[in-house]
Amino acid sequence: MMRELDPLLHNRTRLGILTLLLKNGRMDFKSLRDELGLTDGNLATHLRVLENEGIVKYEKTFIGRKPITYYELTKKGKKRFINYLKNLRDFLRELEIDL
Amino acid sequence: MKREELRKILDEIDTLIFLAEKGEKERKIFAWYMFVWGVYTTLNMSLMLFLPTIAKSIPLSSWFHTLFFAFFFSSLPFAGWKNSSLWFVVYIASLLSFYFNNLILTVAIIIVGISFVSYFVYGRGHGEGSNRISTVSYIGIVWGIMFGAFWWNIALHYRTLNDMFFNLWITYVFGIGILLSGVIFRRYFLLGLFILFILPILAKFGKTYLFVGYDISALIMALLGLTMYMKDDERT
């Protein structure tokens, strides 16, 4: 039986964002942009989608006079990402049997 | 796509799932642990207040006999009954020296036994990745070392120790343990401060006041643990 993969998460850039946030816990906008090799606009668009869905949350702060925005996964986001990964794993396991 | 490539991707996914679930699982283990040990302390402290003979006297001492049941129940939901039953091996081994009223030997057996079984239950019982030391494990180990060292000191010097000093000292160790647990669940930090600074004031009015304060703190420890455990349950 074919499992449904969360369409919102099933996107190369968003998966990259979620994986980095999962591994690092918390990351600022610039580090995320550099790690993923994206433009500011592109990253901001994807982050907004994830924010609107309650998957990531942000916190704005200052280092000296410089504003900095940190992103992290919400509990709901983490749970949704785990579900996505489990479905993907099951899907790939079914594929492995067919190979 | 080749089978090897697919296996590699599956391994990556497994690692990510493990990373994502690890923190939550550990918090849950810790919450349950705090609940069980809170109940153990509340029960025995109540006995100290109402039936001191059962709580303190050798060979009846409820602190000793319920200790291994607390260990058993604290690991049961995560390590399974087979691994958790190992606690009773230490119980049986320490029973002999306990009945011969040899406190030093009993404490030595308990410390070595508990360290050994902890490795099997918490180190190996949970399967992959559990051997990696995390913050939660560190706090658990520090709790164990503090109480182990406390009892070792008592076993060596109990004949010369003043009763009130003993009571205040164990309160101090308990308070530090609770304070440390505040790293995982912030509310324990407040409870730790209460134990460390308010209970010595209660002790000024007499031993019974200290015991009541200790008993209430242990009950709060258990209730907070249960609350955190249930809360985690909803999340996962």
Side-chain angles (χ1 to χ4, degrees), chain A residues 1-27 31-32 35-36 46-47 50 53-57 59 70-99, chain B residues 1-32 34 77-78 126-139 181-188 224-236:
Chain A
M1 193 183 78
M2 190 81 159
R3 283 165 203 280
E4 192 157 328
L5 295 171
D6 192 328
L8 193 105
L9 304 190
H10 195 61
N11 169 290
R12 192 189 169 95
T13 307
R14 286 177 209 149
L15 282 177
I17 296 170
L18 296 179
T19 305
L20 282 172
L21 293 179
L22 180 71
K23 283 188 170 173
N24 298 310
R26 192 173 186 239
M27 280 181 90
S31 307
L32 271 173
E35 284 276 349
L36 295 165
H46 284 292
L47 282 171
L50 295 171
E53 284 290 317
I55 294 168
V56 298
K57 60 181 177 184
E59 190 194 348
Y70 286 104
Y71 290 88
E72 65 181 306
L73 284 175
T74 61
K75 275 165 194 156
K76 181 187 157 193
K78 206 180 214 184
K79 199 174 167 185
R80 195 160 159 182
F81 190 35
I82 292 170
N83 281 338
Y84 170 83
L85 289 170
K86 283 182 175 170
N87 283 339
L88 182 64
R89 183 176 62 186
D90 293 344
F91 171 73
L92 291 173
R93 274 184 184 156
E94 282 166 19
L95 200 69
E96 192 187 19
I97 296 165
D98 294 338
L99 272 176
Chain B
M1 188 188 282
K2 284 181 190 166
R3 189 178 281 267
E4 293 77 42
E5 287 170 340
L6 196 59
R7 271 259 54 96
K8 234 177 171 177
I9 297 169
L10 278 166
D11 285 346
E12 288 282 335
I13 294 171
D14 277 339
T15 309
L16 279 174
I17 292 172
F18 173 71
L19 269 177
E21 288 184 328
K22 193 172 181 275
E24 288 303 310
K25 192 180 164 195
E26 285 194 336
R27 280 168 63 87
K28 211 170 168 182
I29 291 173
F30 195 72
W32 178 253
M34 295 301 277
F78 312 102
H126 295 297
E128 58 171 321
S130 56
N131 288 323
R132 290 169 63 187
I133 300 290
S134 63
T135 312
V136 171
S137 317
Y138 264 125
I139 293 170
S181 305
V183 173
I184 307 296
F185 299 125
R186 241 174 277 170
R187 286 179 202 171
Y188 281 121
L224 283 177
L226 187 64
T227 312
M228 305 295 180
Y229 183 78
M230 303 299 274
K231 212 171 158 188
D232 277 355
D233 219 20
E234 283 165 17
R235 259 189 250 142
T236 48

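Not measured: the values here are computed from a predicted model.
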Item to check | Counterpart residues, side chain to side chain contact (heavy atoms under 4.5 Å, CB included), relative to A:Leu15 (two or more places apart) | outcome: A:Phe81, A:Tyr84
Item to check | Student check: side-chain heavy atoms of A:Arg93 and B:Leu6 closer than 4.5 Å | outcome: no
Checklist entry - Which bit of A:Leu22 is near chain B, if near means a heavy-atom gap under 4.5 Å: side chain, backbone, both or neither? => result side chain
Checklist entry - Quick one: CZ on A:Arg89 to CG on B:Asp11, what's the gap to the nearest 0.5 Å? => result 11.0 Å
Checklist entry - Shortest non-hydrogen contact from B:Leu10 to A:Leu92? => result CD2-CB, 3.8 Å
